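Quick notes on the structure that follows.
Position 1 is the first residue of the sequence, and the numbers go up from there. On a predicted model such as this, the values are computed, not experimentally measured, just so you know.
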Amino acid sequence: MNSDDAVQAMAALAYGARLDIFRLLVQAGGDGLAAGVIADQCGMSASTLSFHLNQLKAAGLVTNRRVGRSLIYTANQDLVDRLIHFLGETFRPAGSGGGAAAAPAAGITRVLFLGLRNSARSLMAEAILAREGDGRFHALSAGIDPDGAGASAVALGLLHRRHCPTQGLRPKGLTELLAAGLPPVQVAVILCDRIDRVALPPLPGNPVVVNWPLPDPLAVVGTEADIAARYDALFRLLHDRIAALVELPLPAAGDREALARHLAAVSRRALTVGVA
């Protein structure tokens with residue numbers, strides 16, 4: 001994040017009503033809130049709410065998606081984290097440990113899913129954890145070698161049917177995230193066996209790295225039914241591991257060895273993706 005981006009975000013929040021709206025959306029997490037619910041809780045007319053939501057959207061702080069006849073608004077938690085990280089680095093006094101990784105928000109564990117292109121496996125993992133994280137996890141994803149082809153339409157369709165958040169979900173390169181000011185993460189999950197963890201660049205927060213190598217659904221050749229079946233199997237496997245990650249009690253913050261053991265226990269609960 002640069003200064004212009006930070007100023008734009010802070011300017012949008014420098015109004016009491018918009019700050020109240022945004023606080024509600026942050027508290028709602030990945031599920032978001034319908035416009036009518038926001039209006040009721042903030043005591044605003046539909047026209048006033050629409051104006052403030054448009055200001056927040058223009059600053060990139062809020063996204064929306066249509067569910068049936070309702071518009072659901074969601075806070076852009078990734079931008080919030082980058083803004084907090086930027087402000088922390090900007091206003092930290094010299095000599096106060098600026099070289100150390102900033103601590104995550106209390107009770108929040110950031111998980112970075114890494115794939116080759118960030119177009120299927122890692123995007124699906126990000127969306128599943130965003131749905132299942134229950135406010136205790138913040139999911140991110142990136143690709144080591146993105147090819148610019150865009151997200152898998154099959155993956156996005158499956159996520160939508162499973163009620164996982166897809167608004168704003170797009171392939172991102174790891175270098176792009178790092179250049180934009182990736183906030184410190186506690187866990188990095190490698191989902192592709194073609195990624196060498198030793199060759200990874202230094203990641204903010206010095207996360208514990210775990211390998212969950214999964215077959216690339218983009219490599220499947222066959223009928224539409226064959227491809228859909230592979231994506232369904234991949235979803236079930238990712239959901240099983242992510243559910244285990246969410247359900248098992250996390251070790252105390254800062255205990256890297258305990259966190260590594262915890263992740264190993266999650267990995268042992270793995271299922272296998274069948275190959276037809």
Query raised in the report: Stepwise, does the side-chain hydrogen bond (donor to acceptor under 3.5 Å, both in side chains) test hold for N76 with T63?
Result: CA-CA 7 Å; N76 183 348; T63 60; over 6 Å; no
Report task. Run the numbers on I190 and W212 for side-chain contact (heavy atoms from CB on, under 4.5 Å), then give the verdict. Result -> CA-CA 6 Å; I190 297 175; W212 290 356; over 6 Å; no
**Report entry** Intermediate values then yes/no, side-chain contact (heavy atoms from CB on, under 4.5 Å), L245 and L263
**Finding:** CA-CA 7 Å; L245 176 65; L263 293 169; 3.8 Å; yes
Report task. Step by step, work out the side-chain contact (heavy atoms from CB on, under 4.5 Å) result for Q186 and L112. Result -> CA-CA 8 Å; Q186 289 69 57; L112 172 64; over 6 Å; no
Requested in this report: Would you check, one step at a time, whether the test side-chain contact (heavy atoms from CB on, under 4.5 Å) holds for V187 with V209?
Outcome: CA-CA 6 Å; V187 178; V209 180; over 6 Å; no
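In terms of heavy atoms, A139 sits closest to A130 at CB-N, 4.1 Å. The heavy-atom pair separating L218 from D216 by the smallest distance is N-OD1, 2.9 Å. Annotation for I242 and A125: closest pair CD1-O, 3.6 Å, computed over non-hydrogen atoms. Here the shortest heavy-atom pairing between P217 and L234 reads CG-CD2, 3.6 Å. Closest of all the heavy-atom pairs between R110 and P184 is NH1-O, 2.6 Å. The minimum heavy-atom distance between L156 and A151, with the atom names listed, is CD1-CB, 3.8 Å.
Partner of L114 under the side chain to side chain contact (heavy atoms under 4.5 Å, CB included) criterion, chosen from L200, L191, V189: L200.
Under the 4.5 Å side-chain heavy-atom criterion for ILVMFWY residues, a single connected hydrophobic cluster contains both V26 and L19. Side-chain heavy atoms closer than 4.5 Å link hydrophobic residues (I, L, V, M, F, W, Y) into clusters, and following such links, possibly through other members, connects L159 to V246. Residues L178 and V185 fall within the same hydrophobic cluster, defined by Ile, Leu, Val, Met, Phe, Trp and Tyr side chains chained together at heavy-atom separations under 4.5 Å.
Not a single donor-acceptor pair under 3.5 Å links the side chain of T166 to the backbone N or O of L169. At distances below 3.5 Å, at least one donor-acceptor pair connects side-chain atoms of N118 with backbone N or O atoms of K172. D240 places no side-chain N or O within 3.5 Å of a backbone atom of R236 that could act as its donor or acceptor partner. Side-chain atoms of D226 come within 3.5 Å of backbone atoms of T223 as a donor-acceptor pair (strictly under, hydrogens ignored). Remark: the backbone N or O of D145 is not paired with any side-chain donor or acceptor of R117 at under 3.5 angstrom. Judged purely by atom type and a 3.5 angstrom limit, R256 uses its side chain to pair as donor or acceptor with the backbone of N206. Within the 3.5 Å criterion, the main-chain N or O of I72 finds no donor-acceptor partner in the side chain of R66.
Because its NZ or CZ atom is not both nearer than 6.0 Å to the ring centre of F113 and within 45° of the ring axis, R121 does not count as a cation-pi partner of that residue.
Salt bridge absent: E126 and R170 never bring a charged side-chain N and a carboxylate O closer than 4.0 Å.
Rounded to the nearest 0.5 Å, atoms NE2 (H239) and CZ (R162) are 8.5 Å apart. Summarising the geometry, atom CG belonging to D40 is positioned 10.0 Å from atom CG belonging to L49; distances are rounded to the nearest 0.5 Å. Rounding to the nearest 0.5 Å places CG of L129 at 13.5 Å from CE of M124. Annotation: the span from I128 atom CD1 to L238 atom CG amounts to 5.0 Å, rounded to 0.5 Å. Atom-to-atom distance recorded for L53:CG and F22:CZ is 11.5 Å, nearest 0.5 angstrom. Atom CG of L182 sits about 11.5 Å away from atom OG1 of T175, to the nearest 0.5 Å.
Counted by atom type alone, R65 and T74 present one or more donor-acceptor pairs between their side chains at under 3.5 Å. A donor-acceptor contact closer than 3.5 angstrom links the side chains of T48 and S45.
V210 is not listed as a side-chain neighbour of V266, based on a closest heavy-atom distance of 4.5 Å or more. L25 places none of its side-chain heavy atoms less than 4.5 Å from the side chain of L61.
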